[in-house]
2 protein chains.
Amino acid sequence: MKKQGEDILKNSALSVTASRKRILEIFLDADNALAHQDIETKCADQYDRVTIYRTLQTFLEKGIIHNIPSTDNMVRYALCNDACITTGHHNDNHVHFRCDACGKTVCLDDVNIPPVNLPKGYTMKEINMVVNGICKSCK
Amino acid sequence: MKKQGEDILKNSALSVTASRKRILEIFLDADNALAHQDIETKCADQYDRVTIYRTLQTFLEKGIIHNIPSTDNMVRYALCNDACITTGHHNDNHVHFRCDACGKTVCLDDVNIPPVNLPKGYTMKEINMVVNGICKSCK
DNA sequence: ATTAAGAATGCAACTTTGTTGCAAAAGTAT
DNA sequence: ATACTTTTGCAACAAAGTTGCATTCTTAAT
Ligand SMILES: [Mn+2]
Ligand SMILES: [Mn+2]
Ligand SMILES: [Zn+2]
Ligand SMILES: [Zn+2]
């Protein structure tokens, strides 16, 4: 244990650097999805803003994190499950929930996105579902 | 006709101004959802950037337009159906589609978002579904 | 039609967010 | 230990979004 972050990096064929380990740690510690801003607040004193941008980008491409769409211009990120890391492509078909009270966005890992039928001629590649409301901590 | 935009404004108890009419016209003419940027391109020479921000904000609040979440930090906007304007609150439970080829985002007005069961303790207020893929024009 | 009150707009100044090129530093493989 | 490659930090910049305030435009009442 304690080297979980390092393992993720190695499994993704990424070199192990201090900033990557730290940012992974932040995700592993978090119980909700994080915006760039959140991460910056937690470690901008240690690492450059640009590094955070680039690290998130890298993590996305490697299937370490996935992003969650939003209507507030604050894309949030959360750790993927192992399947994304091992297969190398994203496989996150769970619903996301944004609480209007506490503002937290979480992955509902057990709630699968229900199938939907598109009109003729449309091909589906990815699908995203975000629900707003009140979370169980705030109710 | 030709005063459709004006009607919308009056029905929403908004004063009728040149910029609001113009921005509504842009939406009425568009066959896809528009980002702030798209609107700016079409009329920044006539109206100030700030006015566009404020107008979109106002339209959102009045239920004239709704926004579509995204993972690219470019929230897009589309006209609501009449129900939103008359009831004053949003009622847009259709699926949105983003084409990876042409980049256009459209409302699939006939495709309803399928129901989903949340875990105990969560209360749903709004729901958003965005599908990515290839649209019928690009296939 | 005038006018007075309120609302919307434009402008300027500013903050925040995101991007790019390049030199220095750190990581990896031999 | 060394050479090679990747990552980082910095600086400079560009784009996006916000705020306060003076001016202009709308609306509704006279
Ligand atoms: Mn998730
Ligand atoms: Mn729509
Ligand atoms: Zn909550
Ligand atoms: Zn298309």
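Remember, it's a predicted structure, so these values are computed and weren't measured experimentally. To find a chain, count down the sequence lines: A is the first, B the second, and so on, and within it residues start at 1.
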Q: When you check the phosphate oxygens OP1 and OP2 of C/dT17, does a side-chain N or O of A/Q37 lie under 4.0 Å from one of them?
A: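 Checking A/Q37 against C/dT17: at least one side-chain N or O falls below 4.0 Å of OP1 or OP2.
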
Q: Would you mind telling me which of D/dT6, D/dT8, C/dT17 lies closest to the side-chain atoms of A/Y53?
A: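 Closest nucleotide among those given: C/dT17.
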
Q: Quickly work out the A/K10 NZ to C/dG27 C1' distance and round it to whole Å.
A: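 Rounded to whole Å, this separation is 12 Å.
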
Q: Closer to the 5' end of DNA chain D via nearest nucleotide, is it B/V50 or B/A18?
A: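 It is B/V50 whose nearest nucleotide is closer to the 5' end.
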
Q: How close or far is atom P of D/dC25 from atom CG of B/L9, stated in whole angstroms?
A: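 In whole Å, D/dC25 P lies 18 Å from B/L9 CG.
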
Q: Is any N or O donor-acceptor pair between the side chain of B/R49 and the base of D/dG17 shorter than 3.5 Å?
A: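 Check passes, donor-acceptor contact within cut-off.
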
Q: Indicate whether OP1 or OP2 belonging to C/dT9 is found under 4.0 Å from a side-chain N or O atom of B/T17.
A: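 Yes, B/T17 has a side-chain N/O under 4.0 Å of OP1/OP2 on C/dT9.
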
Q: Let me know the distance between CG of B/D48 and P of D/dG17, rounded to the nearest Å.
A: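 Roughly 14 Å, once rounded to whole Å.
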
Q: Please figure out whether B/N73 or B/Y47 has its closest DNA chain C nucleotide nearer the 5' end.
A: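 Nearest-nucleotide comparison on DNA chain C picks B/Y47.
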
Q: For B/N32 and B/T105, work out which heavy atoms get closest and say how close.
A: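 Closest approach of B/N32 to B/T105, heavy atoms only: CB-O, 3.3 Å.
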
Q: Whole-Å distance between D/dT6 C1' and A/R20 CZ?
A: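 Nearest whole value for this atom pair: 8 Å.
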
Q: Quick one: are B/N67 and B/L60 in side-chain contact, heavy atoms under 4.5 Å?
A: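 Heavy-atom side-chain distance check passes, below 4.5 Å.
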
Q: Please tell me which of the listed nucleotides, D/dT26, D/dT7, C/dT9, lies nearest to the side chain of B/T51?
A: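 The nucleotide sitting nearest to the side chain is C/dT9.
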
Q: Which word best sums up how the rings of B/H66 and B/H94 line up, parallel for under 30°, tilted for 30 to 60°, or perpendicular for over 60°?
A: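 The arrangement is perpendicular - the two ring planes meet at more than 60°.
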
Q: Starting at CE of A/M74 and ending at P of D/dG17, how long is that distance when rounded to a whole Å?
A: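 These atoms are roughly 13 Å apart.
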
Q: Please work out if B/Q46 contacts a base, only the sugar-phosphate, or nothing of the nucleic acid, heavy-atom cut-off 4.0 Å.
A: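 Result for B/Q46 = sugar-phosphate.
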
Q: At less than 4.0 Å, is any side-chain N or O atom of B/R54 found next to OP1 or OP2 of C/dA8? Yes or no.
A: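 For C/dA8, OP1/OP2 do not have a side-chain N/O of B/R54 under 4.0 Å.
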
Q: What is the distance, to the nearest angstrom, from the CD atom on A/Q57 to the C1' atom on D/dT6?
A: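 For the pair A/Q57 CD and D/dT6 C1', the rounded distance is 16 Å.
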
Q: Just how far is it from atom CE of B/M124 to atom CG of B/L118, taken to the nearest 0.5 Å?
A: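 Answer rounded to 0.5 Å: 4.0 Å.
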
Q: Classify the ring geometry between B/F97 and A/Y122 as parallel (under 30°), tilted (30 to 60°) or perpendicular (over 60°).
A: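 Ring orientation, 0 to 90° scale: perpendicular.
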
Q: Whole Å only: how far is the CD atom of B/E40 from the P atom of D/dG17?
A: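 Rounding to the nearest Å, CD of B/E40 and P of D/dG17 are 9 Å apart.
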
Q: From CG of B/L60 over to P of D/dG17, roughly how many Å is that when rounded to an integer?
A: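 In whole Å, D/dG17 P and B/L60 CG are 13 Å from each other.
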
Q: Would you indicate what B/S19 reaches in the nucleic acid, counting non-hydrogen atoms under 4.0 angstrom: base, sugar-phosphate, or nothing?
A: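 The answer is sugar-phosphate, as B/S19 gets under 4.0 Å only of primed atoms, P, OP1 or OP2.
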
